[in-house]
Every structure is written in structure tokens, then in C-alpha cells.
Amino acid sequence: MTTVTTALPDADPPAPPPFMELADPDRFRSELETAGSFDIDLVDVTHQSDWADADAAWAAIAESNPLFGPLLEQLPSETATKIRGTFGDLVDGRGDAHLSAGAWIGTGRA
């Protein structure tokens, strides 16, 4: 999202997909409870990836994310190119191609 809002500051940000609501641990716990789980344990897991450069990071993200690739394909080529360039600028500006992604892992009993 940082890349998109930097590349297109005047655009309305896209609505996050519904599953992103589960990024809130309280909401995630509530959904598990509603489904009938108890003795719920949530663990915050962060995956860190390091790539050689922005090009390698972009390729990995575009190829591995089931939402990202199709979204880019729907954009006009000029817009997709601008987003790609902004990603490279942001990564290069940081001086590394280190990215992290987090997720909640939930367990419980029914």
C-alpha cells in the first residue's frame, strides 16, 4: 500500500480484501470464538525476506501473491509502470531489499 499511495497520491486507495480484517488480533479471536473455538491461542508470526535488489523483490512478490499479479494486469500499463518504478525507488532509498510480512496463527479447540 505504501508503494501505491506514494505512486498515486491522488487516487482513492483500494478497499482491503475482507480477510485483512483478521489482521486485528481481537477480530481474529472473535471470529474463532464465533465459530465455536475455545482455549484460543494466537501467535504473531513475521516472515522476513531478503532479495538481492528491488527487481528480485518485485518479481518474487508479483509471482507469489495471488492478488497482486491479477491486480497489476487490470491497470493501464502506464499506471503499473509507475507503481513498479515507485517500488524500486522506495527499496533503493532504504538501501536494502528486505521486506517483512506478518500473520496471526490461531489455534483452539472446538
* To do: Not counting sequence neighbours, which residues clear side-chain hydrogen bond (donor to acceptor under 3.5 Å, both in side chains) with Arg94? List them please.
  => Asp96
* Asked: Does Thr6 reach the main-chain N or O of Thr2 with its side chain, forming a donor-acceptor pair under 3.5 Å?
  -> yes
* Please walk me through it: do Leu22 and Trp104 pass side chain to side chain contact (heavy atoms under 4.5 Å, CB included)? -> CA-CA 8 Å; Leu22 299 178; Trp104 288 103; over 6 Å; no
* Counterpart residues, side-chain hydrogen bond (donor to acceptor under 3.5 Å, both in side chains), relative to Asp39 (two or more places apart) -> Arg109
* Asked: Got Thr107 and Val43 here, is their nearest side-chain heavy-atom distance under 4.5 Å?
  -> no
* Asked: Between the main-chain N or O of Lys82 and the side-chain N or O of Thr86, is there a donor-acceptor pair closer than 3.5 Å?
  -> yes
* Asked: Does a side-chain heavy-atom distance below 4.5 Å link Ile105 with Asp44?
  -> no
* Listed partners of Phe87 passing ring pair (Phe, Tyr, Trp, His ring centres under 6.0 Å), at least two apart -> Trp58
* Hey, what do you get for CG (Leu32) to CG (Leu42), rounding to the nearest 0.5 Å? -> 6.5 Å
* State, to 0.1 Å, how close Ala54 and Ala97 come at their nearest heavy-atom pair, and which atoms those are. => N-CB, 4.3 Å
* Trace of the side-chain hydrogen bond (donor to acceptor under 3.5 Å, both in side chains) decision for Ser100 with His98 -> CA-CA 7 Å; Ser100 62; His98 170 83; 5.2 Å; no
* Structure fact -> Closest non-hydrogen contact found for Ile40 with Arg29 is O-NH1, 3.3 Å
* **Inter-residue atom distance Ile61.CD1 - Thr3.OG1, 0.5 Å rounding** => 8.0 Å
* Determine the minimum heavy-atom distance between Trp51 and Ala60, stating which atoms define it. => NE1-CB, 3.4 Å
* Asked: Distance-only, no hydrogens or angles: does the Thr79 side chain make a donor-acceptor pair with backbone N or O of Leu75 under 3.5 Å?
  -> no
* Measuring from Arg84:CZ to Thr81:OG1, what's the distance to the nearest 0.5 Å? -> 10.0 Å
